[in-house]
Every structure is written in structure tokens, then in C-alpha cells.
Amino acid sequence: MGKEWNREMTYNFDERVPRKGTYSEKWDTGQELFGDPDVLPLWVADMDFRCAPAIVQAVTERAKLGIYGYTSRPKEYLEAITGWLERRHNWNVHPSWLTDTPGVVPALSVAVQVLTEPGDQVILQSPVYNPFYDVIRNNGREVAENPLILKDGRYRMDYDHLESLMQDGAKLLLLCSPHNPGGRVWTREELERVGELCLNYGVKVVSDEIHSDLVFAEYRHVPFASMSEALAGITITCAAPSKTFNIPGLATAYTIIPNVAIRKQFSERIKAQAIGSLNFFGPTATIAAYTQSEEWLDAVLIYIRANRDFAVAYLAEHLPAVVPVLSEGTYLLWVDCRALGWKKAEMKQVMYKEAKIAFTEGSIYGQNGEGFLRINLACPRSLLEEALERFCTAVAAHQA
């Protein structure tokens, strides 16, 4: 039913779905987080679009059972994941490589525990998703920053500095691929160069690939562990349908670990922390996402890309002092506002108090993120336009 039905569907991504009063972290925490319940929230990475119809239908039917008990891993769930990875990313994953986790961030934390010892140095490439810092520091490891280089509006890796960190004894690389917040979709050549360094220096890799499906048409995500058997043997890949299909509340994450010994350690640590159980709706939503919702994803990517282009053009016209980094994937836009000359306190004052909007202030992604903003583009265009208008107007008034 799903695929035939979806072909006839048109998706109304322009609809402003009312989310206030739904226990939404994004929409119901404005007072608590920003001092105003009426800020327009374009910060946390969930979408303001309804899920694919097949997912809504599958979850609704499951809810009608009326008993929400402990949930097993059905064969269809594993087949949905492996089928998606093969079809969408040309990666042949054996079902035995999959381990369930309640989210990618818990998986990152467990991976750090399994692959390093307290005091070890763990590499991250800043500016980067802020929980990367947390899972290193909160586990008693040391952050080794390998700052990305912003050149000609595009982030690049500093391989010489990366190698020096490995030479100095770093044991693990946390790779963000595609990159959040910079929007880079790393090329095979870039990843191969990273892989060569890791193999040369005995550095293992945890690859956060939660945004792997959110890639614009002319780019291609390459799963790090798919490039060679040697790289598969040193890599834990963290993934989920949650960002792709807007189901983060259903705790649907999984890890892909080809190395038997590492997978055994990881699974034992998950069991020891008692965080391995499946959400009642998770497998059902995942199956519907990966087997019946591909056309919805293709449509949402077209809409998000158009939102990106709209935002870039709007800022160029109304606030040319700020410079967006043109994203290749994700639904996030990273904007260089350093020309405004503001520290983070002033940036927050203008956003939250004067513009009454909430983009994400960039310093949380590392020191070299200060002066930047991250904008969530996964919303109706009218909402994006309203937020940009508020921001540009507030900036002009603040500078007057």
C-alpha cells in the first residue's frame, strides 16, 4: 500500500503545524531557555514538517493496539535498515553488525568508553556538534581539537595538524559526516586521506553519520566504514532515521560495528548501562521510513534546498555583512556574522530580546564558532522568512 499511496501524495511543507502545547522541546521551552515564550525557534535540529504519511499511518495503527509493552527486534526491522544502507549508500551491512541505542549521543558516549581509557586524547574537528565535547570530557578524556579551515566559503580539513595530534598520541577520532554545523559532505578523497592517517597511527574512529541521508542532489555521502575492510575494522558508525524522517522522539538510533571484538565490548557496555531497550514505536516507524518513505525524503530535500537558497538570497539583500556557508547537506545553515563584531552575549541579546528569534549561537560548537549562527532550515518558508526578517530588522535597529 505504502509506495503506491505515496506516489499520489503531495506534501504540504508550507503548512505551519501548531506545535506549542505539545511538550515540544523546540516550541515549549522559549521562556526557560531564551526568556520569552514567543521567540520563533529555529535552533534544535528537528523539522517543523509532518512525518511521511506511511510513518504516521504505521505509528497510528500500532498505537491502536492499546498495550505498549517491551519490544523485540523484528527481522523486518533489521532488513529495513540494511536494505536502506545498500540502496541509498551502496553499503552492504550484515544484520549482525547492528546494535540498538536510545540515541546517537548515548552511542557516542559508550563508544568513547569502549575505545579509549581515562586521560586519553580524543580528536574532534571544530566547530562541531556540541555533545562531542561532552562525551569526551564527561568520560574523563581530553579534547584534542583539529580546527577546520574555512576557505573560500567552504570548510576543509587540516590534515597536517590532524597528523600531529595522532603523532602526539591521540587514540580516537570523532568524525562528523556530514558535518554539523558546517554542512560539508566530505568527499571520498577527503575521507580516504583521514582513513590512511588513522590506519598509520592506530587511531580508531567513531563516525556520527546521523545526517547521511540529508544530502543535496549533486553530493554523495560516503560511509566511512564502507571504504575498505581495514577501515570497517576500526570504526563504530552511529546512525538513525530520526533526523532524516523527523522521528527523534521515537529513540530509533543504531550503531554499525563490523569488528566482532569491538561490537562485543560495545554491546556489553550498553547492557551494563541498561540503555539497550527498544522504543515501542521505534521499529514500526523505522520500517515505514526505510521501506515506504523515500519519495517523501526526496521531496523534503528539494524543499530544504530551496529554503537554503532563499535564506542565502534574503541575507545577501537585507544583511550583506553576514555570510552564509553554503551547505551541501543537513538542514542547517551556518552563518558567519563576525563582521558585526559582536561577542556571544550581544548576539544573544539581539536574537532573543530584540528580534525574538532563536537561532543557535555558534560558540557552543567550539571557540572558532564564536561570531557564527546556526539556522534550522527545516520549517515552512513563511516561518523562515519571518525569522530572517525579524533578525535583519533587529540588527539594523541595534546598529543604528
Q: May I ask you to say whether D48 pairs ionically with R16, meaning some side-chain N is under 4.0 Å from a carboxylate O?
A: no
Q: Using a 6.0 Å distance limit plus a 45 degree cone around the ring axis, check whether R374 lies over the aromatic ring of Y365.
A: no
Q: Show, in sequence, the C-alpha distance, side-chain angles and deciding distance for T60 and Q57, and conclude whether the side-chain hydrogen bond (donor to acceptor under 3.5 Å, both in side chains) test is met.
A: CA-CA 5 Å; T60 301; Q57 180 176 322; over 6 Å; no
Q: Looking only at the side chains, is there a donor atom on one of Q125 and N146 sitting less than 3.5 Å from an acceptor on the other?
A: yes
Q: Passes side chain to side chain contact (heavy atoms under 4.5 Å, CB included), K171 versus L115? Steps please.
A: CA-CA 8 Å; K171 295 292 192 295; L115 297 177; over 6 Å; no
Q: Return yes if a side-chain donor-acceptor contact under 3.5 Å exists between D213 and H221, otherwise no.
A: no
Q: Is there a side-chain contact between T101 and I275, using heavy atoms and a 4.5 Å cut-off?
A: no
Q: Among L175, L174, V205, L165, find the residue that satisfies the side-chain contact (heavy atoms from CB on, under 4.5 Å) test when tested with I123.
A: L165
Q: Hey, does the side chain of S212 reach the backbone of E209 with a donor-acceptor pair shorter than 3.5 angstrom?
A: yes
Q: Please report the C-alpha distance between S109 and N139 in whole Å, then the side-chain angles of each, then the deciding distance to 0.1 Å, and finally whether the side-chain hydrogen bond (donor to acceptor under 3.5 Å, both in side chains) criterion is met.
A: CA-CA 8 Å; S109 183; N139 284 305; 3.0 Å; yes
Q: Establish, from distance only, whether the side-chain atoms of E361 and S363 form a donor-acceptor pair under 3.5 Å.
A: yes
Q: My understanding is that only one of V122, T116, L172 makes a side-chain contact (heavy atoms from CB on, under 4.5 Å) with K204; could you say which?
A: L172
Q: Start with the C-alpha distance between R308 and S327, add both sets of side-chain angles, then the distance that settles side-chain hydrogen bond (donor to acceptor under 3.5 Å, both in side chains), and finish with yes or no.
A: CA-CA 8 Å; R308 181 203 70 178; S327 50; 4.6 Å; no
Q: Say whether Y155 and W334, considering side chains only, have a donor N or O and an acceptor N or O under 3.5 Å apart.
A: yes
Q: One pair to check against ring-ring contact (aromatic ring centres under 6.0 Å, His included): W43 and F359. What are the steps and the verdict?
A: CA-CA 5 Å; W43 61 287; F359 304 148; over 10 Å; no
Q: Salt bridge (charged side-chain N to carboxylate O under 4.0 Å, His left out) with D336: which residues, sequence neighbours excluded?
A: R338
Q: May I ask you to say whether R141 pairs ionically with E117, meaning some side-chain N is under 4.0 Å from a carboxylate O?
A: no
Q: Tell me if a side-chain donor or acceptor on S24 pairs with a main-chain N or O of K20 at a distance below 3.5 Å.
A: no
Q: Salt bridge or not between E294 and R87? Use side-chain N to carboxylate O under 4.0 Å.
A: yes
Q: Between N246 and Y331, is there a side-chain donor-acceptor contact under 3.5 Å, judged purely by atom types and distance?
A: no
Q: Quick check: does any side chain N or O of N376 sit under 3.5 Å from a backbone N or O of L332, one acting as donor and the other as acceptor?
A: no
Q: Could you tell me whether R305 and E218 make a salt bridge, using a distance below 4.0 angstrom between a side-chain N and a carboxylate O?
A: yes
Q: Inspect the contact between R88 and D298 and indicate whether a charged nitrogen and a carboxylate oxygen are less than 4.0 angstrom apart.
A: yes
Q: With a 6.0 Å cut-off (strictly less than), is the heavy-atom count around CD of Q367, excluding the residue itself, greater than 12?
A: no
Q: Where is the tightest heavy-atom contact between P53 and W296, given as atom of each residue plus distance?
A: CD-CD1, 4.2 Å
Q: Would the distance check show the side chain of N368 and the main-chain N or O of S126 forming a donor-acceptor pair, the cut-off being under 3.5 Å?
A: yes
Q: Are any side-chain N or O atoms of Y11 and backbone N or O atoms of V300, one a donor and one an acceptor, separated by less than 3.5 Å?
A: no
Q: Are W84 and F245 near enough that their ring centres are under 6.0 Å apart?
A: yes
Q: When you measure from the side chain of R184 to the backbone N and O of P178, does any donor-acceptor pair fall under 3.5 Å?
A: no
Q: For E385 and S382, test the side chains for any donor-to-acceptor distance below 3.5 angstrom and give the result as yes or no.
A: no
Q: Excluding sequence neighbours, so at least two apart, what forms salt bridge (charged side-chain N to carboxylate O under 4.0 Å, His left out) with K271?
A: none
Q: Here's a test for you: under side-chain contact (heavy atoms from CB on, under 4.5 Å), which of V17, D14, I304 qualifies with F49?
A: I304
Q: If we ignore angles and hydrogens, is there a donor and acceptor under 3.5 Å between the side chains of Q113 and Q273?
A: yes
Q: Test E295 against S293 for side-chain hydrogen bond (donor to acceptor under 3.5 Å, both in side chains), laying out the working first.
A: CA-CA 6 Å; E295 291 175 14; S293 304; over 6 Å; no
Q: Is there side-chain contact between W91 and I256, with heavy atoms separated by less than 4.5 Å?
A: yes
Q: Could you tell me whether the side chain of E163 reaches within less than 4.5 Å of the side chain of Y201, counting heavy atoms only?
A: yes
Q: For the pair D38 and K356, find out whether any cationic side-chain nitrogen is under 4.0 Å from an anionic carboxylate oxygen.
A: no
Q: When you check the gap from the basic side-chain N to the acidic O, do E268 and K264 get nearer than 4.0 Å?
A: yes
Q: Ignoring hydrogens and angles, state whether a donor on the side chain of T99 or R263 is under 3.5 Å from an acceptor on the partner side chain.
A: no
Q: Please check if the distance between the ring centroids of W342 and H398 is under 6.0 Å.
A: yes
Q: Answer yes or no for R381 and Y303: cation-pi contact, defined as NZ/CZ to six-membered ring centre under 6.0 Å and angle to ring axis within 45°.
A: yes
